[in-house]
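Below is one structure, written out as structure tokens, with a few remarks after it.
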Amino acid sequence: MHVRELTADDLDAAWDLGRFAFGNTSERAASTRIVVPGMTRWGAFDDTGRLVGKAVDLHHDQWWSGRAVPAADVAGVAVAPEARGRGVARAMLTALLRGAHERGAAVSALYPTVAAPYRACGWEAAGVLRTVDLATATLPRHRPASHLTVRAGTPADLPAVAALYERVTRHRNGLLTRRGELFDADDRGLPGDGLTLVEKGDDLVGYATWQRGSGYGADSVLTVDEALAVTAEAARELVGVLASWASVAPTLRLCPLDGDAVSACLPLESAREHERDLWMHRPVDVARAVSARGWPTHVRGVVDFRLTDPLAEWNTGTWRLAVADGAAELTRVDGEADLRLDVRGFALLYAGAAGARSVAQAGLLHAAGVAPDALDLLGAGGPAQVLDYF
């Protein structure tokens with residue numbers, strides 16, 4: 001088996017492989033025929049030169065407590081049926097990680113169709129992107145605030161929308177920055193069918209993008225791709241606009257962002273789960289992952305641990321984690337350590353998905369006669385979340 005970056009000449013075969021793997025019946029997009037800036041396509045070839053596997057490294061950045069961390073988010077992994085179970089995916093992901101490391105990536109996320117192969121390669125489940133349905137009639141409606149303006153957005157408003165998205169997301173963990181070549185090249189105009197804006201003077205304080213769907217009967221659904229606000233008043237205005245659809249769209253479908261201003265206005269106790277997409281996390285380079293992100297300013301501490309990473313040998317070794325004054329650093333130290341951590345355990349701790357004792361109970365952290373709690377330092381900063389499906 002030979003693994004290499006795909007060229008323009010390989011893209012027809014890659015598209016066909018993805019079509020078979022994912023059951024794609026849509027017409028082939030023009031973007032699948034060209035090399036796209038901001039992504040690296042990898043392929044595995046058998047000894048006849050046939051493409052038997054593919055994977056894509058998306059050159060994203062993720063917000064981690066106010067700082068943009070370079071990421072290698074993985075998408076489009078597919079293996080030909082005749083080649084499955086023969087190590088093709090592992091070989092591709094090993095090459096992808098090495099390439100991502102060489103270009104400076106620090107962390108990685110992906111959405112698995114099945115978790116086991118990715119766990120075997122060091123990714124671990126860190127959270128769920130939830131899509132929920134709400135009865136539109138149950139949304140609260142408030143008297144419109146006279147000092148706020150609600151209007152339909154235009155393509156000219158998209159830079160302000162992007163800036164508000166950043167105001168909401170940059171101090172959280174795991175969310176895409178939506179910067180870089182993949183997003184700079186996006187010139188599709190307004191997302192969905194509509195864009196609703198809430199403004200206070202010249203300041204955009206809330207927005208919602210939505211798709212109307214079809215019909216107006218009992219099964220009609222208004223799909224809200226995104227609804228974000230930076231004040232409680234703006235959130236109430238947005239929710240009021242969405243509630244006004246009750247007579248023709250009895251169901252509202254959206255992905256709530258935990259703890260944000262809009263979610264605080266929604267009757268989530270009556271939400272029904274429509275879809276759930278598991279996402280997994282992994283460090284590409286543990287030292288970069290620690291130094292590149294922001295850390296809580298009140299957290300201080302030092303802990304040594306031994307890390308094992310079979311696919312990324314540059315991560316394996318004994319490390320000292322030091323956190324202070326909103327920053328952290330991993331440095332190599334000699335010898336062994338009482339705390340021995342698997343790379344999947346590192347992923348859980350870093351993403352705030354589990355504490356050290358839970359990681360130890362899962363067999364991903366071994367403490368030689370000491371309490372594992374010291375490694376909770378690696379999870380300081382709260383849980384990671386995602387809003388973008390890729």
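From a predicted model like this one, the values you see are computed outputs, not experimental measurements.
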Quick one, Asp342 with Arg119, criterion salt bridge (Lys or Arg N to Asp or Glu O under 4.0 Å). Give me CA distance, side-chain angles, the key distance, then yes/no. CA-CA 11 Å; Asp342 183 89; Arg119 281 193 167 120; over 6 Å; no
I'd like to know if the side chain of [X] reaches the main chain of [Y], judged simply by a donor and an acceptor atom lying under 3.5 Å from each other, with no hydrogens or angles considered.
X	Y	result
Ser220	Gly215	yes
Arg84	Val79	yes
Asn173	Gly381	yes
Ser263	Gly259	no
Arg67	Gly294	no
Trp295	Ser65	no

Transitive ILVMFWY cluster of Leu51 at side-chain heavy atoms under 4.5 Å: who else is in it?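 Taking Ile, Leu, Val, Met, Phe, Trp and Tyr as members, Leu51 shares its hydrophobic cluster with Leu6, Leu17, Phe45.
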Who else is in the cluster with Trp63 when I, L, V, M, F, W and Y are joined by side-chain contacts under 4.5 Å?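 Traced through the cluster, Trp63 reaches no other member.
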Start with the C-alpha gap between Val74 and Leu96, add the side-chain angles, then the distance that decides, and say whether side chain to side chain contact (heavy atoms under 4.5 Å, CB included) holds. CA-CA 9 Å; Val74 181; Leu96 185 151; 3.9 Å; yes
Give the C-alpha distance, both sets of side-chain angles, the deciding distance and a yes or no for side chain to side chain contact (heavy atoms under 4.5 Å, CB included) between His142 and Glu233. CA-CA 10 Å; His142 302 273; Glu233 291 175 323; over 6 Å; no
Out of curiosity, [X] [atom1] to [Y] [atom2], how far, rounded to the nearest 0.5 Å?
X	Y	atom1	atom2	value
His366	Leu339	NE2	CG	11.5 Å
Gln385	Leu175	CD	CG	6.0 Å
Arg141	Glu237	CZ	CD	11.0 Å
Thr223	His274	OG1	NE2	7.5 Å
Met280	Arg344	CE	CZ	7.5 Å
Arg130	Leu254	CZ	CG	9.0 Å

Would you call the rings of His281 and Trp279 parallel, tilted or perpendicular, taking 30° and 60° as the class edges? perpendicular
Please state whether the rings of Tyr111 and Phe390 are parallel, tilted or perpendicular, taking 30° and 60° as the class boundaries.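 Taking Phe390 first and then Tyr111, their aromatic rings stand perpendicular (interplane angle over 60°).
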What are the two closest heavy atoms between [X] and [Y], and how far apart are they?
X	Y	result
Ala347	Glu124	CB-CB, 4.3 Å
Pro372	Ala356	O-CB, 3.2 Å
Asp225	Gly192	OD2-CA, 4.2 Å
Asp73	Ala109	OD1-N, 2.9 Å
Trp314	Val284	NE1-O, 2.7 Å
Thr138	Pro267	OG1-CG, 3.5 Å

Would a hydrophobic clustering, with Ile, Leu, Val, Met, Phe, Trp and Tyr connected at side-chain separations under 4.5 Å, put [X] with [Y]?
X	Y	value
Val370	Leu341	yes
Leu176	Leu228	yes
Val239	Leu257	yes
Leu387	Val230	yes
Val262	Val386	yes

I'd like to check [X] versus [Y] (side-chain heavy atoms, cut-off strictly below 4.5 Å). Are they in contact?
X	Y	answer
Leu11	Arg41	yes
Pro112	Leu278	yes
Lys200	Thr149	no
Ser270	Leu134	yes
Val107	Tyr350	yes
Pro283	Val343	yes
Leu204	Asp157	no
Asp388	Leu129	no

Check ion pair [X]-[Y] (N to O, under 4.0 angstrom):
X	Y	result
Lys54	Asp10	no
Arg86	Asp46	no
Arg172	Asp260	no
Asp309	Arg282	yes

Chi angles and distances behind the side chain to side chain contact (heavy atoms under 4.5 Å, CB included) call for Leu330, Phe305: CA-CA 10 Å; Leu330 268 186; Phe305 62 95; 3.8 Å; yes
Taking side-chain contact (heavy atoms from CB on, under 4.5 Å) as the criterion, tell me which of Leu158, Val161, Val198 meets it with Tyr207.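 Of all the options given, the one that passes is Val161.
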Should we say atom [atom1] of [X] is surrounded by more than 12 heavy atoms from elsewhere, each under 6.0 Å from it?
X	atom1	result
Arg332	CZ	yes
Phe20	CZ	no
Arg320	CZ	no

When you look at Glu275 and Arg253, which way does the salt bridge (Lys or Arg N to Asp or Glu O under 4.0 Å) test go after all the steps? CA-CA 10 Å; Glu275 197 170 42; Arg253 181 168 294 157; over 6 Å; no
Quiz: residues 241-252 side-chain donor-acceptor pairs under 3.5 angstrom, not counting sequence neighbours:
unit_1	atom_1	unit_2	atom_2	d
Ser244	OG	Val241	O	2.5

Under 3.5 Å side-chain donor-acceptor pair for Asp334 and Thr318: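 Judged by distance alone, the side chains do not pair up.
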Could you walk me through whether Arg178 and Glu226 pass the salt bridge (Lys or Arg N to Asp or Glu O under 4.0 Å) test, one step at a time? CA-CA 14 Å; Arg178 297 183 184 170; Glu226 198 159 273; 2.6 Å; yes
Assess the residue pair Arg357 and Asp373 against the criterion (side chain to side chain contact (heavy atoms under 4.5 Å, CB included)); give the C-alpha distance rounded to whole Å, side-chain angles, the decisive distance to 0.1 Å, and a yes or no. CA-CA 6 Å; Arg357 286 187 180 270; Asp373 305 69; 2.8 Å; yes
